[in-house]
Each structure stands twice: as structure tokens, then as C-alpha cells.
Amino acid sequence: MDHFTTDRLTAERLREDHLADLVALHRDAEVSRYLGGVRTPEVTRAYLATNMAHWDQHGFGLWTLRTKDGAFAGRAGIRHILVDDVDEVEIAYAFKREFWSQGFASEIATALTDIGLSQLALPSLIGIVYVGNGASRRVLEKSNYQLERSTNRHGKDVVIYRIRQ
């Protein structure tokens with residue numbers, strides 16, 4: 001599943017040559033506000049390596065997202081993550097600001113949920129959202145994820161949403 005498409009996006013398995021796009025995305029303070037803060041190019045390089053290794057280990061992971069005309073729009077994916085010492089599989093997405101409030105996050109969340117539950121046959125998926133990120137909370141709610149609980153990750157209050165098979 002190296003590639004997939006939605007109505008307005010194409011997704012491509014994360015590769016080393018995506019580094020420049022990811023660095024630009026992660027250096028935007030507004031985009032990174034709910035991603036743990038602005039990341040240096042070195043931190044993004046390590047992030048890229050970790051997420052490419054996830055693909056090798058699990059056969060799924062993060063994709064870069066482009067509009068149909070080829071413009072870099074963001075990144076999204078399905079990945080294993082430890083939450084309160086439990087191995088979970090989350091959907092994650094981040095878009096360049098110019099693509100906010102246009103329904104792209106909902107579009108990709110729907111696609112990731114279908115891939116995770118139907119194609120990968122995972123028993124459930126979660127979404128982890130900073131408490132104050134109302135837009136991302138609405139995306140998960142529109143995608144039929146249910147609010148499960150609150151917790152703390154890396155010193156920040158977050159909520160966990162879940163959808164099951």
C-alpha cells in the first residue's frame with residue numbers, strides 16, 4: 001500500500017526525498033503547535049528515519065500528501081505508538097496552513113480509517129488530540145471516532161478517540 005488516492009489527494013509512502021517538504025511543514029509554528037512544537041531539521045530527519053523504519057517493520061506507516069496538481073499538502077498515516085504503556089495504532093495527519101479548513105483532514109481521516117480497519121484488518125484505531133485542538137477533535141468525531149478518555153503525553157493534556165471494527 002505504497003500509494004493511495006482520495007478525491008483530492010494522492011498519498012505516497014514516506015521516502016528520504018520527502019525530507020525538505022517535511023522540514024518546511026515542521027518548522028511552521030502554527031502547524032506544529034499541536035504536534036509538540038517546531039522541529040529542527042535534524043529532529044525531522046530522525047522523525048523521517050523512524051517512520052521509514054516503521055514501514056519496514058509493519059508494512060504501513062506515514063505517507064506524504066499532494067494535491068492532484070502535485071503541490072505538497074502535508075503528511076498522514078497509520079502507525080504504532082505507545083500510549084500509557086499500551087501499544088496502540090493511531091491515525092495522524094498534519095497539513096500546511098494553506099490547506100486548513102477545506103475538508104482535507106476529514107478526507108484523509110476517512111481514508112486512513114478505511115485502510116486501517118478494512119484493508120489492514122486492525123481491531124481498532126485511535127486518534128490522539130491535544131485538548132485545545134478543536135478542529136482535529138471535530139475531524140475525528142465526523143469520522144465516527146468516539147471520545148474514550150483523557151491522558152497526559154509529554155507533559156500535555158490530550159484526549160484519546162477510538163474507532164473499532
Side-chain angles (χ1 to χ4, degrees), residues 1-14 18 21-22 25-26 28 30-37 47 50-51 54-55 57-68 71-165:
M1 183 101 210
D2 289 354
H3 296 81
F4 69 90
T5 60
T6 66
D7 288 343
R8 299 180 294 161
L9 296 167
T10 60
E12 179 179 65
R13 178 180 173 164
L14 207 58
H18 295 133
D21 286 330
L22 292 175
L25 182 71
H26 291 166
D28 184 312
E30 279 299 301
V31 170
S32 296
R33 178 174 48 158
Y34 295 121
L35 302 176
Y47 170 89
T50 296
N51 282 287
H54 187 284
W55 268 101
Q57 183 177 1
H58 299 287
F60 59 89
L62 291 184
W63 291 268
T64 57
L65 304 173
R66 296 195 179 278
T67 61
K68 294 296 182 173
F72 175 74
R75 53 130 173 110
I78 304 170
R79 62 187 176 192
H80 283 269
I81 187 168
L82 275 180
V83 180
D84 299 332
D85 297 322
V86 175
D87 181 32
E88 298 277 8
V89 181
E90 74 162 341
I91 67 165
Y93 42 85
F95 286 89
K96 291 173 61 177
R97 273 189 281 166
E98 65 198 74
F99 297 102
W100 290 2
S101 301
Q102 298 178 47
F104 284 105
S106 293
E107 186 173 318
I108 204 66
T110 298
L112 293 172
T113 301
D114 182 60
I115 291 166
L117 297 181
S118 298
Q119 297 177 36
L120 299 174
L122 297 167
S124 72
L125 296 166
I126 65 166
I128 303 170
V129 184
Y130 281 72
V131 169
N133 189 346
S136 198
R137 292 179 76 157
R138 284 188 296 281
V139 165
L140 291 172
E141 290 164 0
K142 285 188 341 188
S143 298
N144 296 316
Y145 284 68
Q146 300 297 312
L147 178 61
E148 185 173 273
R149 63 189 170 91
S150 299
T151 191
N152 190 284
R153 286 188 56 77
H154 311 296
K156 303 287 184 184
D157 291 329
V158 298
V159 288
I160 308 293
Y161 284 82
R162 184 179 304 273
I163 192 168
R164 298 183 188 278
Q165 280 278 2

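If you're wondering where the values come from, they're calculated on a predicted model, not measured in any experiment.
Using modelled atom types, one side-chain atom of Gln165 and one backbone atom of Leu117 make a donor-acceptor pair closer than 3.5 Å.
Heavy atoms only, all atoms of each residue included: Ser106 and Ser143 are closest at O-OG, 4.4 Å. The minimum heavy-atom distance between Ala92 and Leu112, with the atom names listed, is O-CD1, 3.8 Å. Met1 and Ile115 get closest at one heavy-atom pair: CE-CD1, 3.8 Å. In terms of heavy-atom proximity, Ser136 sits nearest to Tyr93 at OG-OH, 2.9 Å. The nearest pair of heavy atoms linking Arg137 to Leu147 is NH2-CD2, 4.0 Å. Annotation for Phe60 and Ile78: closest pair CD1-O, 3.1 Å, computed over non-hydrogen atoms.
Within a 6.0 Å sphere centred on NZ of Lys156, heavy atoms belonging to other residues, nucleotides or ligands number 12 at most.
With values rounded to the nearest 0.5 angstrom, Asn133 atom CG is found 8.5 Å from Arg138 atom CZ. To the nearest 0.5 angstrom, Ile128 atom CD1 is 10.5 Å from Ile91 atom CD1. Distance check, rounded to the nearest 0.5 Å: OG1 of Thr110 to NZ of Lys142 gives 8.5 Å. Here CZ of Phe99 is found 8.5 Å from CG of Leu9. Values are rounded to the nearest 0.5 Å. The distance from the CZ atom of Arg75 to the NE2 atom of His26 is 4.0 Å, given to the nearest 0.5 Å.
A heavy-atom distance below 4.5 Å is found between the side chains of Leu14 and Leu22. Using a 4.5 Å heavy-atom cutoff, the side chains of Val139 and Phe104 are not in contact. Between Val83 and Arg149 there is a side-chain heavy-atom pair separated by less than 4.5 Å. Contact check for Glu88 versus Glu90: no side-chain heavy atoms found under the 4.5 Å cut-off. You'll find the side chain of Ile81 reaches within 4.5 Å of the side chain of Arg153, heavy atoms only. With a 4.5 Å cut-off on side-chain heavy atoms, Ile108 and Phe95 count as touching.
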* Is there a side chain to side chain contact (heavy atoms under 4.5 Å, CB included) between Phe72 and Leu25 once you walk through the steps? -> CA-CA 10 Å; Phe72 175 74; Leu25 182 71; 4.2 Å; yes
* To do: Could you walk me through whether Glu30 and Arg33 pass salt bridge (Lys or Arg N to Asp or Glu O under 4.0 Å), step by step?
  => CA-CA 5 Å; Glu30 279 299 301; Arg33 178 174 48 158; 3.6 Å; yes
* With side chain to side chain contact (heavy atoms under 4.5 Å, CB included) as the test, would you mind laying out the steps for Glu12 and His3 before giving the verdict? => CA-CA 5 Å; Glu12 179 179 65; His3 296 81; 3.5 Å; yes
* Test log, rule side chain to side chain contact (heavy atoms under 4.5 Å, CB included), inputs Leu125 and Tyr145 -> CA-CA 9 Å; Leu125 296 166; Tyr145 284 68; 3.7 Å; yes
* How far apart are the C-alpha atoms of Glu148 and Arg162, what are their side-chain angles, what is the distance that settles it, and do they pass the salt bridge (Lys or Arg N to Asp or Glu O under 4.0 Å) test? -> CA-CA 6 Å; Glu148 185 173 273; Arg162 184 179 304 273; 2.5 Å; yes
* To do: For Arg8 and Thr67, run side chain to side chain contact (heavy atoms under 4.5 Å, CB included): C-alpha distance rounded to whole Å, both residues' side-chain angles, the deciding distance at 0.1 Å, then the answer.
  => CA-CA 6 Å; Arg8 299 180 294 161; Thr67 61; over 6 Å; no
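In this structure, His54 and His80 have tilted ring planes: the angle between them lies in the 30° to 60° band.
Among Leu62, Asn51, Thr64, Asp2, the single residue meeting the side-chain contact (heavy atoms from CB on, under 4.5 Å) criterion with Arg13 is Asp2.
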